[in-house]
Amino acid sequence: MNYWTVIPAAGQGKRMNAGVAKQWIELLGRPVLAHTLDVFEDDPDCTGIILVGSKQELKQMQDFVQTFQYTKVRHIVSGGSERQQSVYEGIKRVPKDSGLVLIHDAARPFITKHHINELVEKAAETGSAVLAVPVKDTVKRVVNDQVEETIDRSSLWAVQTPQAFRLSIVKEAHRKAEDEGWLGTDDASLVERFGHIVAIVMGDYHNIKLTTADDLLYGKAILLDRQGEKA
Ligand code: CTP
Ligand code: MG
């Protein structure tokens, strides 16, 4: 099934502290944003891509899209101070007659076509689906350096992007959340809040978000491993 993709890339990468936003960091000679875009550019089911950048970086993004000759990037729009606002700006530009929209962080460059397919299939059936993996560590709730509770791990999943939704569902959820001044930590949480069921699709532990400097080490290892598989 065809889909559109919104890629929020308007953050500042404060936790990475690399001197540039995360999408410009090079991994094995290619910017993170290129690794991320390649997968959607090459997927025949992806109709179009909306890239969301910070106001100061719009020109840089336009130049980047031209230089790397991405043909599916239909709009490059200015984001907001919160990720949720950036995503909403992107969603507003998805054509109204589109069925499914995927929202995928620019800083998650190891997503594969296989997992996109699985996600799209599920969202086409249910209206909302997210990729996630079972949590491996034991998770505790801590207050003032003291354990309050050990949470039953068997029901805990770490949620990733892409997250896929029927356009009408996610657009309405973002509109209402903005009206109410409600900020969620992912797009699914907005959809959940307005009563929709969100399906979980088994993701991949390699689909990490580059957040801190040590993620770059792991990221390089993932790319080298994939290159080895191809060779
Ligand atoms: N993002 C965005 N607009 C914002 C904040 C974040 O489009 N106002 C994007 C980031 O560019 C990133 C994705 O959302 O691709 C996930 O956010 P995160 O990992 O938190 O990235 P940053 O906000 O850049 O990093 P930090 O929170 O460490 O500053
Ligand atoms: Mg952030």
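Start at 1 with the first residue, then count along the sequence. We count ligands from 1, going down the list as the structure has it; atoms in each ligand are counted the same way.
Ring geometry, Phe64 versus Tyr70: the interplanar angle falls from 30° to 60°, so the pair is classed tilted.
Distance check, rounded to the nearest 0.5 Å: NE2 of His104 to OG1 of Thr36 gives 5.0 Å.
Closer than 4.0 angstrom to ligand 1 sit non-hydrogen atoms from Pro8, Ala9, Ala10, Gly11, Gln12, Gly13, Lys14, Arg15, Lys22, Gly80, Ser81, Glu82, Arg83, Ser86, Asp105, Ala106, Ala107, Lys209.
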* Would Lys72 and Glu41 satisfy salt bridge (Lys or Arg N to Asp or Glu O under 4.0 Å), going step by step from the backbone distance to the final call? -> CA-CA 6 Å; Lys72 289 188 183 169; Glu41 176 78 17; over 6 Å; no
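Sequence neighbours left out, the pairs with a member in residues 119-175 that pass ring pair (Phe, Tyr, Trp, His ring centres under 6.0 Å) are Tyr88-His174. Identified under the salt bridge (Lys or Arg N to Asp or Glu O under 4.0 Å) test for residues 198-226, with sequence neighbours left out: none.
Ser78 pairs by the side-chain contact (heavy atoms from CB on, under 4.5 Å) definition with Lys55, Leu58, not counting sequence neighbours.
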